[in-house]
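Bear in mind the structure is a predicted one, so any value in this text is a computation, not a measurement. Residue indices begin at 1 and follow the sequence shown.
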Amino acid sequence: MLLVGAALLAGLIAIVFAIGAELAIEAHAHLIGVSPWLTLLIAPAGFAAMAWVAQRYFPGTQGSGIPQAIAASHSDDPRVRGKLLSLRIAFAKVGLTLGGLLSGGSIGREGPSVQIGASVMHTLAGRRFGRIASSRNLIVAGSGAGVAAAFNTPLGGIMFSIEEMCRRHAFRANSTTLTVVIFAGLMSLAVLGNYTYFGRTPAALAWPAGIWPVLMCGALGGLLGGAFSRVLIASSRGLPGRIGILASERPVLFAAVCGLGTAIIGLASGGLTYGTGYTESKAALEGTTQLPFYFFLAKLLVIWLAFVSRIPGGVFAPALAVGTGVGDIVAQMLPGENDAAILVLGMVAFLSAMTQSPITSFVIVMEMTANHEMLLPLMTASVIAHGFSKSVSPLALYDALAAPTLRRAEAQVRAEGVPRISHGPAAGL
């Protein structure tokens with residue numbers, strides 16, 4: 001009952017988070033509708049405020065949230081895990097990410113949802129609840145529940161737990177993960193209904209001519225996604241020159257500069273680059289709008305600005321928007337093909353390349369578009385993109401970000417000098 005109750009709570013928080021994200025994006029659009037130039041004030045102030053609050057009061061909330069969950073799953077020290085996962089961090093993550101979206105930041109809620117789900121399930125760790133499951137299994141299960149509840153993608157949540165959260169160790173949380181993902185998904189179903197994130201996209205490719213969009217999206221998305229992943233990893237280790245000095249010594253001011261850059265790009269693109277990119281991607285899939293050729297590049301820039309500013313927020317959902325832009329470029333090269341199908345291929349290719357999680361990527365995109373006819377093309381494009389990405393960036397993005405996250409948490413624990421309290425079987429050793 002405790003496991004089910006925690007799963008329902010994780011699902012409920014993710015759902016409230018999703019509703020809040022939509023309201024924050026709408027509120028930002030309303031503010032910009034009054035005067036587009038307001039973004040030059042809103043974005044820098046919002047970025048600075050979120051960076052200051054996160055740094056001063058909630059240091060575990062910065063960035064995506066997926067690296068924190070992975071790092072916590074790699075540690076057997078409850079003090080280290082407590083620096084990365086807690087209910088306090090979970091609720092702060094919701095508020096700060098919503099603040100970033102209200103400011104126009106190109107951030108997503110999937111990474112925060114993973115950290116939220118992992119934090120909720122982690123509260124059951126230890127002996128006080130009778131050792132329901134190991135801490136690692138609870139964190140893995142909660143992470144999958146966050147993905148499942150956030151986007152109504154239960155299969156994607158399970159595959160995320162297996163492929164991303166268990167990249168360095170065997171997946172042994174079968175029953176725990178299934179139980180948590182199922183009940184978190186049921187909570188989403190009860191509140192939001194059986195919705196599909198991008199609606200239903202009945203797009204298909206004609207064969208054998210359809211192999212060309214698959215190959216082109218896989219290659220182009222793989223190279224771009226791998227290169228962008230490498231840029232993010234390098235940026236997380238420090239920026240060069242005076243920019244790096246400003247980022248390390250004056251992080252709040254640097255966040256304001258990143259917000260200003262986001263505002264300028266938003267103005268130049270006519271407002272296309274604000275937020276997650278969901279609206280632009282959905283409109284392109286439905287054929288109601290044509291994305292400009294520079295959309296993917298502009299979106300990459302604002303995602304990078306949000307990333308280096310260290311405001312709370314993920315890169316997963318914005319990456320889907322970049323993939324839509326990549327697919328649109330390929331579609332323009334292949335007139336006569338089904339444009340919506342190629343856009344979906346671009347999504348899965350870029351996401352697979354950036355995260356280097358090919359199975360999770362094609363399963364999630366398939367569930368988001370409710371298009372099973374595209375399963376084999378999506379699988380193929382995802383695998384091709386993954387291969388190209390590995391040639392550009394040998395390290396997987398979230399794993400590469402999790403390692404320094406874990407080291408920082410361990411350093412904080414050592415600096416505090418608090419005696420270790422073990423909840424494991426080696427407590428008396």
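A 4.5 Å side-chain heavy-atom check between E410 and L406 finds at least one atom pair inside the cut-off. D328 places a side-chain heavy atom less than 4.5 Å from the side chain of Q290. A 4.5 Å side-chain heavy-atom check between T355 and S361 finds at least one atom pair inside the cut-off.
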For the pair I211 and L215, evaluate side-chain contact (heavy atoms from CB on, under 4.5 Å) and give the outcome as yes or no after the intermediate values.
CA-CA 6 Å; I211 191 63; L215 293 175; 4.0 Å; yes
Candidate pair F228 and W304, rule ring-ring contact (aromatic ring centres under 6.0 Å, His included), full reasoning:
CA-CA 9 Å; F228 188 57; W304 179 78; 8.9 Å; no
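Residues that satisfy the ring-ring contact (aromatic ring centres under 6.0 Å, His included) test with Y294, not counting sequence neighbours, are absent from this structure. Checked against salt bridge (charged side-chain N to carboxylate O under 4.0 Å, His left out), E164 has the following partners two or more places apart in sequence or in another chain: R167. Checked against side-chain hydrogen bond (donor to acceptor under 3.5 Å, both in side chains), E367 has no partners two or more places apart in sequence or in another chain. Residues passing the ring-ring contact (aromatic ring centres under 6.0 Å, His included) test with H28 are Y274, sequence neighbours excluded. Residues meeting the side-chain hydrogen bond (donor to acceptor under 3.5 Å, both in side chains) test with Q55, sequence neighbours left out: none.
Just one residue in the list L401, T405, I139 forms a side-chain contact (heavy atoms from CB on, under 4.5 Å) with Q68, and that residue is T405.
At most 12 non-hydrogen atoms from other residues, nucleotides or ligands lie less than 6.0 angstrom from CZ of F183. Within a 6.0 Å radius of CD in Q332, other residues, nucleotides and ligands contribute more than 12 heavy atoms. Other residues, nucleotides and ligands contribute only 12 or fewer heavy atoms inside 6.0 Å of the CZ atom of R230.
Here the side chain of S357 pairs no donor or acceptor atom with the backbone of T360 at under 3.5 angstrom. The backbone N or O of V80 sits nowhere less than 3.5 Å from a side-chain atom of Q412 that would complete a donor-acceptor pair. Under the 3.5 Å distance criterion, the side-chain polar atoms of T380 are matched with a main-chain donor or acceptor of L376.
A salt bridge links E416 with K83: the distance from a Lys NZ or Arg NE/NH1/NH2 to an Asp or Glu carboxylate oxygen falls below 4.0 Å.
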Could you tabulate the donor-acceptor pairs under 3.5 Å formed by side-chain atoms of residues 99-117, not counting sequence neighbours?
unit_1: S103; atom_1: OG; unit_2: G99; atom_2: O; d: 2.8
unit_1: S106; atom_1: OG; unit_2: G275; atom_2: O; d: 3.2
unit_1: S106; atom_1: OG; unit_2: K299; atom_2: NZ; d: 3.0
unit_1: R109; atom_1: NH1; unit_2: A150; atom_2: O; d: 2.8
unit_1: R109; atom_1: NH2; unit_2: A150; atom_2: O; d: 3.4
unit_1: E110; atom_1: OE1; unit_2: A317; atom_2: N; d: 3.1
unit_1: E110; atom_1: OE2; unit_2: V315; atom_2: N; d: 3.3
unit_1: E110; atom_1: OE2; unit_2: F316; atom_2: N; d: 2.9
unit_1: S113; atom_1: OG; unit_2: R109; atom_2: O; d: 2.6
unit_1: Q115; atom_1: OE1; unit_2: K93; atom_2: NZ; d: 3.0
unit_1: Q115; atom_1: NE2; unit_2: G60; atom_2: O; d: 2.9
unit_1: Q115; atom_1: NE2; unit_2: L84; atom_2: O; d: 3.0

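Interatomic distance, T324 OG1 to I329 CD1, rounded to the nearest 0.5 Å: 11.5 Å.
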